[in-house]
Amino acid sequence: MALQIYNTLTGNKEEFVPVEPGRVKMYVCGITVYDLCHIGHARSAIVFDVICRFLTSLGYQVFYVRNFTDIDDKILRRAAAEGVDYRRVSERFIRAFHEDMQSLGLLPPALEPLATEHIPEMIEIVRRLVEKGVAYKAGTDVYFGVELFSGYGKLSGRELEDMVAGARVEVDENKRNPMDFVLWKGSKPGEPAWESPWGPGRPGWHIECSAMARKYLGAPFDIHGGGKDLVFPHHENEIAQAEAAFDAPFARYWVHNGFVNIDNEKMSKSLGNFITIRDVLDSVHPESLRLFVISKHYRSPVDFSDETVGEAERGLERLYSTLEAATQRSANGRNDDYPDEILKKQDVELFEKLESLPALFSEAMNNDFNTAQAVGYIFALQRNLQRFLDKFGRKNLKGPCARLAALSADCLQKHCQVMGLLMVDPEVFFERQRTLKLKTTGMSEDEVRDLIERRHKARIEKDFAEADRIRKQLEEKRIQLEDFPEGTKWRVGLQP
RNA sequence: GGCGGCAUACCCAAGUGGCAAGGGAGCGGUCUGCAAAACCGUUAUACAGCGGUUCAAAUCCGCUUGCCGCCUCCA
């Protein structure tokens with residue numbers, strides 16, 4: 001089955017056909033840089049990261065652009081509050097954003113253009129709109145006349161009359177229609193300003209995306225993405241500006257991700273119930289957060305809590321644990337070659353899961369990026385692989401068994417990596433996991449090691465009462481010991 | 001007031017006409033000095049309620065109830 005994408009513009013899943021064969025041009029609305037990012041931003045970034053990785057895995061060359069809106073009222077307000085130039089604010093949060101995205105393990109876009117570096121392009125669009133009579137100057141501002149663009153409302157699926165009837169529109173005497181929106185804002189004294197045919201000012205909110213998307217991706221380009229809340233007015237207005245200015249379709253597939261909720265309520269800066277990315281990553285591995293996000297379909301809302309993220313974390317540990325065991329124990333013979341019939345004989349069910357995963361995975365992902373279903377198939381392979389390993393106790397595998405386990409582990413990892421999971425060596429993962437979790441227990445690694453050593457001595461002396469006392473002492477700090485022939489490992493359990 | 005979405009086991013969650021994926025948690029067992037992890041078994045005659053279409057519906061249609069989002073800055 002070919003890739004189907006749900007298109008907000010039509011309200012249907014549609015077969016994806018790129019404008020240019022073999023290439024995908026994708027524009028995702030980035031952030032307005034006036035504060036730290038929260039996990040809603042993380043979800044959006046992860047969703048489009050997975051889309052980008054999957055498209056790449058299909059063989060497309062993906063040209064991914066994600067902008068920064070670095071001039072806006074909120075930035076100016078914050079700069080004023082701090083008594084600094086607005087650029088100090090935007091630069092600081094761009095840096096923070098990059099740190100967050102890197103922590104999340106996201107592929108960097110090909111381009112990250114800044115609004116303030118594209119003022120001439122924006123002025124050009126406004127100029128065209130004014131020339132065509134679709135925009136008008138009122139006072140020191142220039143507005144887009146929504147009634148003058150026949151397609152207005154096609155993305156969000158609403159009629160102008162209905163929106164006006166909603167009555168929650170700001171009163172502005174300059175506007176001819178209450179739904180008209182500003183393209184160019186005359187600057188007030190002390191505000192940053194650029195010269196324009198309408199006097200000194202700065203661009204309105206939506207225009208930068210129309211300008212930058214067109215400049216770097218042409219028209220129409222393939223995928224335009226962002227959070228659901230951008231459908232209206234941001235994306236609706238982008239379409240209106242771009243299509244009215246150039247008389248050409250703007251973007252083909254509009255992809256919008258659902259929100260992150262806290263206690264079943266939308267998380268947002270305005271509600272003040274938001275959790276920043278760095279707060280979460282302080283105690284949660286980025287891949288745990290990623291698995292949490294992709295365990296649900298991207299268009300549905302998702303409820304964030306320590307519990308739901310904890311579940312994802314347990315699942316991820318399982319994946320890594322199986323990967324580690326399979327890799328280590330199949331080292332002898334992983335490169336030997338055997339005919340399929342021989343491999344199949346070692347474990348029919350595992351062999352069949354291994355054989356079928358690629359097709360099932362593609363089918364799920366081709367169906368509007370159904371990562372939740374894809375994850376389900378991956379766990380099915382994981383379970384069969386772990387079961388197969390367990391059949392041999394703790395022994396290393398040899399011959400066709402080793403080969404089958406190695407192929408399964410590779411398959412597992414390969415498909416996970418399309419979604420940005422299992423990106424590091426299991427040992428590195430577990431080490432990081434311990435460090436992250438240990439912080440929440442108030443114990444140091446040396447203390448833990450010391451106690452383990454003392455317990456080890458007690459066990460040699462068959463002083464099991466003392467050994468169990470130490471185990472219990474550690475368990476009270478949520479540190480769980482696991483005895484292996486080669487030594488004792490430990491892990492930190494979830495917070496209650 | 002307008003527009004849209006959602007309702008699947010204890011929790012999370014996939015499933016758009018043909019025997020209800022997957023994860024977490026629980027319970028019983030195997031393993032273990034004791035554990036943990038892992039594995040095995042087990043947990044929805046049933047998909048908010050009612051009615052309809054169909055040989056066949058969680059899936060399509062209608063109504064009802066409940067929750068959420070957008071219409072204002074927001075990923």
Side-chain angles (χ1 to χ4, degrees), chain A residues 8 11 13 28-32 34-35 37-48 72-74 77 153 156-159 161-170 179 205 225-234 236 256-261 264-271 274 291-292 295-297 299-303 305 307-319 321-322 325 360 364 367 370-380 382-383 386-391 393-394 459 462 464-465 467-468 471-472 475 480-484 488-491 493-494:
Chain A
T8 308
K13 277 186 208 172
V28 175
C29 283
I31 57 161
T32 300
Y34 72 103
D35 205 348
C37 286
H38 55 62
I39 50 182
H41 297 108
R43 181 183 196 191
S44 184
I46 290 168
V47 162
F48 288 101
D72 145 284
D73 287 347
K74 294 186 291 301
R77 213 176 302 139
S156 50
R158 44 189 105 198
E159 305 292 333
E161 305 88 77
D162 299 339
M163 288 191 274
V164 176
R168 274 209 294 173
V169 280
E170 62 190 276
M179 296 309 295
W205 174 32
K228 256 192 171 68
D229 48 355
L230 296 181
V231 173
F232 191 90
H234 186 54
E236 191 71 63
H256 295 98
N257 65 274
F259 297 127
V260 175
N261 294 160
N264 218 21
E265 263 212 329
K266 175 184 172 180
M267 178 178 64
S268 75
K269 289 182 183 174
S270 41
L271 291 175
F274 66 93
L291 181 58
F292 164 74
S295 291
K296 189 145 183 182
H297 189 88
R299 281 191 279 121
S300 310
V302 60
D303 208 62
S305 69
E307 198 191 339
T308 49
V309 174
E311 285 177 8
E313 182 166 77
R314 302 274 294 137
L316 183 67
E317 285 179 357
R318 250 162 102 89
L319 288 173
S321 167
T322 298
L360 290 172
N367 182 13
N370 193 336
T371 51
Q373 189 170 54
V375 166
Y377 293 136
I378 279 171
F379 273 105
Q382 176 273 332
R383 196 154 45 86
Q386 184 64 52
R387 182 189 300 160
F388 180 65
L389 295 172
D390 279 9
K391 283 204 295 201
R394 295 209 194 276
R459 288 180 76 207
K462 301 260 190 247
F464 293 122
D468 287 349
R471 172 190 289 288
K472 202 152 179 258
E475 271 170 4
Q480 185 62 56
L481 301 183
E482 297 177 11
D483 294 326
F484 290 91
T488 298
K489 290 187 184 177
W490 59 279
R491 28 174 264 135
L494 292 177

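Proteins come first, then strands; the chains are lettered A, B, ... in the order of their sequence lines, and each starts at number 1. Values below: all heavy atoms of this structure, side chains included; hydrogens, waters and symmetry mates excluded.
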Proximity to the side chain of Leu230(A) - top-ranked nucleotide from A75(B), A35(B), U16(B): A75(B)

Base A35(B) paired with Arg471(A) side chain (donor-acceptor, <3.5 Å): yes

Separation between the P atoms of A21(B) and A9(B), rounded to whole Å: 14 Å

Sugar-phosphate only, base, or nothing, as touched by Glu159(A) at under 4.0 Å among non-hydrogen atoms: nothing

Minimum side-chain heavy-atom gap Lys13(A)-Asn367(A) below 4.5 Å: yes

Strand RNA chain B as a dot-bracket string - pairs counted if Watson-Crick or G-U with both distances under 3.5 Å, | where the partner lies in another strand: ((((((((.[[[..)..(...]]]((((((.......))))))....[[[[[..)....]]]]])))))))....

d(CG, Asn367(A); P, U59(B)) in whole Å: 18 Å

Length of the line joining Asp483(A):CG and U32(B):P, which is rounded to integer Å: 13 Å

Side-chain ion pair, Arg471(A) and Asp483(A), N-O less than 4.0 Å: yes

U59(B) and C47(B), which share atom name P, separated by this distance in whole Å: 9 Å

Distance-minimising heavy-atom pair for Arg491(A) and Arg314(A): NH2-NH1, 3.2 Å

Heavy-atom pair of closest approach, residues Ala364(A) and Gln373(A): CB-OE1, 3.6 Å

Same-atom distance (P) from C10(B) to C19(B), integer angstrom: 24 Å

Under 3.5 Å donor-acceptor, Thr308(A) side chain and Asp303(A) backbone: yes

For atom NZ of Lys296(A) and atom C1' of C11(B), their distance in whole Å: 12 Å

Atom-pair distance (CZ on Phe388(A); C1' on A38(B)), nearest Å: 16 Å

U42(B) to A20(B) separation - P atoms, rounded to the nearest Å: 16 Å

Atom pair distance, as rounded to whole Å: CG in Leu481(A) and P in A35(B): 14 Å

Met267(A) side chain near Phe259(A) side chain, heavy-atom distance below 4.5 Å: no

Among C67(B), A38(B), C34(B), the nucleotide that comes nearest once only the side chain of Asp468(A) is considered: C34(B)

Contact nearer the 5' end of RNA chain B, comparing Gln480(A) with Val260(A): Gln480(A)

Between G22(B) and G41(B) - P atom distance, rounded Å: 12 Å

A58(B) to U53(B) separation - P atoms, rounded to the nearest Å: 16 Å

Closest nucleotide among C70(B), U16(B), A75(B) to the Phe232(A) side chain: C70(B)

Side chain of Ile31(A) (C-beta onward), nearest among U16(B), A75(B), G33(B): A75(B)

Glu313(A) CD to C12(B) P, straight-line distance once rounded to whole Å: 19 Å

Touch class at under 4.0 angstrom, heavy-atom based, for Gly258(A) against every strand present: base

Toward the 5' end of RNA chain B, by each residue's nearest nucleotide, Phe292(A) or Thr32(A): Phe292(A)

Sugar-phosphate only, base, or nothing, as touched by Gln386(A) at under 4.0 Å among non-hydrogen atoms: sugar-phosphate

Whole angstrom value for the distance that separates P of C73(B) from CE of Met267(A): 19 Å

Distance between P atoms of G26(B) and U65(B) (Å, rounded): 39 Å

Distance test, side-chain N/O of Lys13(A) to OP1/OP2 of U16(B), below 4.0 Å: no

Phe259(A) side chain, from C-beta outward: closest of A37(B), G69(B), U16(B): G69(B)

Residue Arg387(A), side-chain heavy atoms: nucleotide from C71(B), G33(B), C40(B) that is nearest: C40(B)

Touch class at under 4.0 angstrom, heavy-atom based, for Lys266(A) against every strand present: base

Glu317(A), Gln386(A), Arg383(A), Arg387(A) screened by side chain to side chain donor-acceptor pair (under 3.5 Å) with Thr322(A), the one that passes: Gln386(A)

Candidates A38(B), G33(B), A75(B) - which lies nearest the side chain of Ala467(A): G33(B)

Sugar-phosphate only, base, or nothing, as touched by His297(A) at under 4.0 Å among non-hydrogen atoms: sugar-phosphate

Spacing of the P atoms in U8(B) and C67(B) (rounded, Å): 15 Å

Sugar-phosphate only, base, or nothing, as touched by Asn370(A) at under 4.0 Å among non-hydrogen atoms: sugar-phosphate

Anything under 3.5 Å between a protein N or O and an N or O of nucleotides 19-24 of chain B, put it in a table, one pair a line.
from   : atom 1 : to        : atom 2 : distance (Å)
G22(B) : OP1    : Arg383(A) : NH2    : 3.3
G23(B) : OP1    : Arg383(A) : NE     : 3.3
G23(B) : N2     : Glu311(A) : OE1    : 2.9
G24(B) : OP1    : Arg318(A) : NE     : 3.1

Over all atoms of both residues, closest heavy-atom pair of Lys74(A) and Tyr34(A): CE-CE2, 3.3 Å

Whole angstrom value for the distance that separates P of A38(B) from CZ of Phe484(A): 10 Å

Which atom pairs link the protein and nucleotides 3-9 of chain B when you take only N or O atoms and keep those under 3.5 Å?
from  : atom 1 : to        : atom 2 : distance (Å)
C3(B) : O2'    : Gly157(A) : O      : 3.4

